[in-house]
Amino acid sequence: MDLFDYIRETNMEKESPLAKRLRPATLDEVVGQKHIIGKDKLLYRAITADKLSSVIFYGPPGTGKTTLAMVIANTTSSIFTFLNATTSGKKDMERVVDEAKGNYGMYQKRTILFVDEIHRFNKAQQDYLLPFVEDGTIVLIGATTENPYFEVNGALISRSHIFRLEPLEKEDIKELIRRAVYDKEKGMGAYNAVIDEDALEFLADLSGGDARKALNAVELGVLTTEPLEDGKIHITLSVAEECIQRRAVRYDKDGDNHYDTISAFIKSMRGSDPDAAVFYLAKMLDAGESVTFIARRIMICACEDVGIADPQAIQVAVACAQAVERVGMPEAQIILSEAAIYVAGAPKSNAVVNAIFAASDMIKKQKTGTVPPYLRDAHYSGAAKLGHTGYLYPHDYPNNYVEQQYLPDEIKNIRFYEPSENGYEKTVKEHLQWLKGERN
């Protein structure tokens with residue numbers, strides 16, 4: 001590197017975004033993620049010993065995936081190279097592999113390849129890397145905001161350690177904000193800025209665990225706020241509110257958060273927590289989730305988790321599904337809220353779903369016999385000659401019930417439906433017991 005290149009790179013570093021300048025150079029400078037980089041954790045030991053094998057970092061934006069990759073780049077004796085899956089293609093990968101082979105052959109140096117947004121590589125591109133990961137030509141570090149078990153080839157997954165990064169804790173974000181404001185080398189300290197405690201709390205809370213979002217707000221606040229009479233730039237609550245605007249809900253309708261949120265929504269209704277159900281409903285609606293999709297999930301929950309404990313639940317859910325299609329947003333949110341709250345508050349029973357699953361499982365796994373002759377179709381000439389006789393018509397008997405075997409002989413004593421003691425299902429259970437007791 002000549003003097004001109006050195007000056008140019010130095011100037012670019014000074015002018016780079018605050019979030020980039022504050023990236024730590026060592027593991028000990030990293031804030032948060034102690035569940036994977038605590039000093040007693042596998043990843044910390046592997047990085048410090050320079051014995052890293054292929055890994056995939058998976059987590060929301062701004063949680064430190066690229067930061068960890070850069071720390072590895074600063075600490076490893078291996079050759080570190082970078083590709084972004086959104087802009088790189090087959091030729092770029094071929095170049096990296098050729099260079100990796102040459103460096104190992106001549107210098108016995110491993111190559112670590114960091115692929116950002118690895119889920120953007122298609123199957124063929126991911127397959128190309130596989131043999132070189134397998135034979136050790138390259139050590140792969142993949143970063144993705146999507147669930148790798150959905151988006152990354154199973155063969156690469158099996159050869160990599162998966163580390164999930166969580167949104168940073170509020171105290172972690174506050175520590176980063178303080179560094180950003182007061183650090184004179186990497187942060188905005190040279191601007192003689194200060195941040196009020198309520199502004200600090202606000203930014204840490206509204207960032208939603210996304211360090212980049214918080215740091216971008218700090219940078220914007222410092223660069224656009226005039227100093228007061230004391231010569232200092234004051235980041236007040238009002239300045240912070242202007243810089244960060246509203247919280248962007250972390251929710252990708254095609255990504256992992258879509259599945260996580262709808263799962264939490266359903267489990268909240270199943271768990272009889274209407275407050276949580278409405279919260280996740282609001283989160284999905286705010287992110288633009290399809291109202292018909294949400295309505296379908298409420299209908300399923302009404303059958304799967306409420307069932308006959310409250311037969312009215314499915315009627316409410318179906319009416320909701322029809323209504324939201326006719327009304328649309330924003331009023332559809334009220335209809336969905338009513339249905340979700342009703343299902344959450346209804347008595348619960350999974351006897352209906354257990355019954356069909358048990359029956360299906362038996363049909364797949366064992367011989368289940370044939371339909372008893374007297375239950376077979378008798379509405380054609382010659383049915384009697386085939387033995388399709390002897391059916392007892394229940395409405396000809398008291399209480400519209402007559403004891404009669406309906407299951408095949410091989411499984412005649414099996415019970416698939418086991419009514420619970422909850423809600424209306426208790427009444428159903430008592431009625432069935434009464435009928436059978438009446439005839440015994």
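The residues of the chain are indexed from 1 along the displayed sequence.
- Listed for the N216 side chain is a donor-acceptor partner under 3.5 Å among the backbone atoms of R212.
- Within the 3.5 Å criterion, the main-chain N or O of L140 finds a donor-acceptor partner in the side chain of S54.
- K213 and S207 make their closest contact through CD-O, 3.8 Å (heavy atoms, listed as atom of the first residue, atom of the second, distance).
- Summarising the geometry, atom CG belonging to N350 is positioned 12.0 Å from atom CD1 belonging to I308; distances are rounded to the nearest 0.5 Å.
- Nearest heavy-atom pair, L52 versus V55, reported as atom, atom and distance to 0.1 Å: CD1-CG1, 4.1 Å.
- Between the CG atom in L43 and the CD1 atom in I72 there is a gap of 6.0 Å [rounded to 0.5 Å].
- R376 places a side-chain N or O within donor-acceptor distance of the main-chain N or O of V371, the cut-off being under 3.5 Å.
- Counting heavy-atom neighbours within 6.0 Å of E338 CD, excluding the residue itself, gives a total of 12 or less.
- No donor-acceptor pair closer than 3.5 Å links the side chain of N74 to the backbone N or O of V71.
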Requested in this report: Evaluate the criterion side-chain contact (heavy atoms from CB on, under 4.5 Å) for residue pair V343 and V316; output intermediate values, then yes/no.
Outcome: CA-CA 8 Å; V343 171; V316 172; 5.9 Å; no
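- The shortest side-chain heavy-atom distance between T66 and R23 falls under the 4.5 Å cut-off.
- Other residues, nucleotides and ligands place no more than 12 heavy atoms under 6.0 Å from the CD atom of E185.
- Minimum interatomic distance between V352 and Y417 (heavy atoms only, all atoms of both residues): N-CE1, 4.5 Å.
- With contacts defined as side-chain heavy-atom distances shorter than 4.5 Å, the pair V222/I235 qualifies.
- K109 places a side-chain N or O within donor-acceptor distance of the main-chain N or O of S77, the cut-off being under 3.5 Å.
- At most 12 non-hydrogen atoms from other residues, nucleotides or ligands lie less than 6.0 angstrom from OH of Y107.
- Within a 6.0 Å radius of NE2 in H234, more than 12 heavy atoms belonging to other residues, nucleotides or ligands are found.
- With rounding to the nearest 0.5 Å, the separation of CD1 in I138 from CD1 in I112 is 11.0 Å.
- Among residues two or more places apart in sequence or in another chain, the salt bridge (charged side-chain N to carboxylate O under 4.0 Å, His left out) test is passed with E201 by K170, K174.
- At most 12 non-hydrogen atoms from other residues, nucleotides or ligands lie less than 6.0 angstrom from OH of Y424.
- Looking at E219, its side chain does come within 3.5 Å of a backbone N or O of L18 through a donor-acceptor pair.
- Counting heavy atoms of neighbouring residues, nucleotides and ligands inside a 6.0 Å radius, atom NZ of K186 exceeds 12 of them.
- Using modelled atom types, one finds a donor on one side chain and an acceptor on the other under 3.5 Å when comparing T86 with N84.
- In this structure, R164 and I36 have side chains that are not in contact, with every pair of non-hydrogen atoms separated by 4.5 Å or more.
- In this structure a side-chain-to-backbone donor-acceptor pair under 3.5 Å is present from Y182 to I195.
- Heavy atoms only, all atoms of each residue included: V306 and A302 are closest at CB-O, 3.2 Å.
- Rounded to the nearest 0.5 Å, atoms CD (Q33) and NZ (K65) are 9.0 Å apart.
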Query raised in the report: Where do F357 and D361 land on the side-chain contact (heavy atoms from CB on, under 4.5 Å) test, with the steps shown first?
Result: CA-CA 6 Å; F357 285 172; D361 188 61; over 6 Å; no
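- Residue pairs meeting the salt bridge (charged side-chain N to carboxylate O under 4.0 Å, His left out) criterion with at least one member in residues 124-135, sequence neighbours excluded, are K123-D127, E134-R159.
- If you take CG on L281 and CZ on F265, they are separated by 5.0 Å, rounding to the nearest 0.5 Å.
- Contact detail for F114 and A143: the closest heavy-atom pair is CE1-CB, 3.6 Å.
- Smallest separation of non-hydrogen atoms from H119 and T144: ND1-OG1, 2.8 Å.
- A donor-acceptor pair under 3.5 Å links the side-chain atoms of T48 to the main chain of R45, judged by distance alone.
- A distance-only check finds no donor-acceptor pair linking the side chain of N153 to the backbone of A155 [under 3.5 Å].
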Requested in this report: In sequence, state the C-alpha distance, the side-chain angles, and the governing distance for I294 and L285, and then conclude on side-chain contact (heavy atoms from CB on, under 4.5 Å).
Outcome: CA-CA 9 Å; I294 298 172; L285 291 173; 3.8 Å; yes
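- Residues Q125 and M93 meet the side-chain proximity criterion, which asks for heavy atoms closer than 4.5 Å.
- By the 4.5 Å heavy-atom criterion applied to side chains, D116 and F82 are counted as neighbours.
- For the pair R296 and T292, the minimum side-chain heavy-atom distance is below 4.5 Å.
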Requested in this report: With side-chain contact (heavy atoms from CB on, under 4.5 Å) as the test, would you mind laying out the steps for I335 and V291 before giving the verdict?
Outcome: CA-CA 10 Å; I335 301 167; V291 293; over 6 Å; no
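- For the atom pair CD1 (I244) and CG (L206), the distance works out to 5.0 Å, reported to the nearest 0.5 Å.
- Checked options K348, K426, E425; the residue passing with S420 is E425 (criterion: side-chain hydrogen bond (donor to acceptor under 3.5 Å, both in side chains)).
- N354 has its side chain out of reach of E418: every pair of non-hydrogen atoms, C-beta onward, lies at least 4.5 Å apart.
- In this structure, Q126 and V152 have side chains that are in contact, with non-hydrogen atoms separated by less than 4.5 Å.
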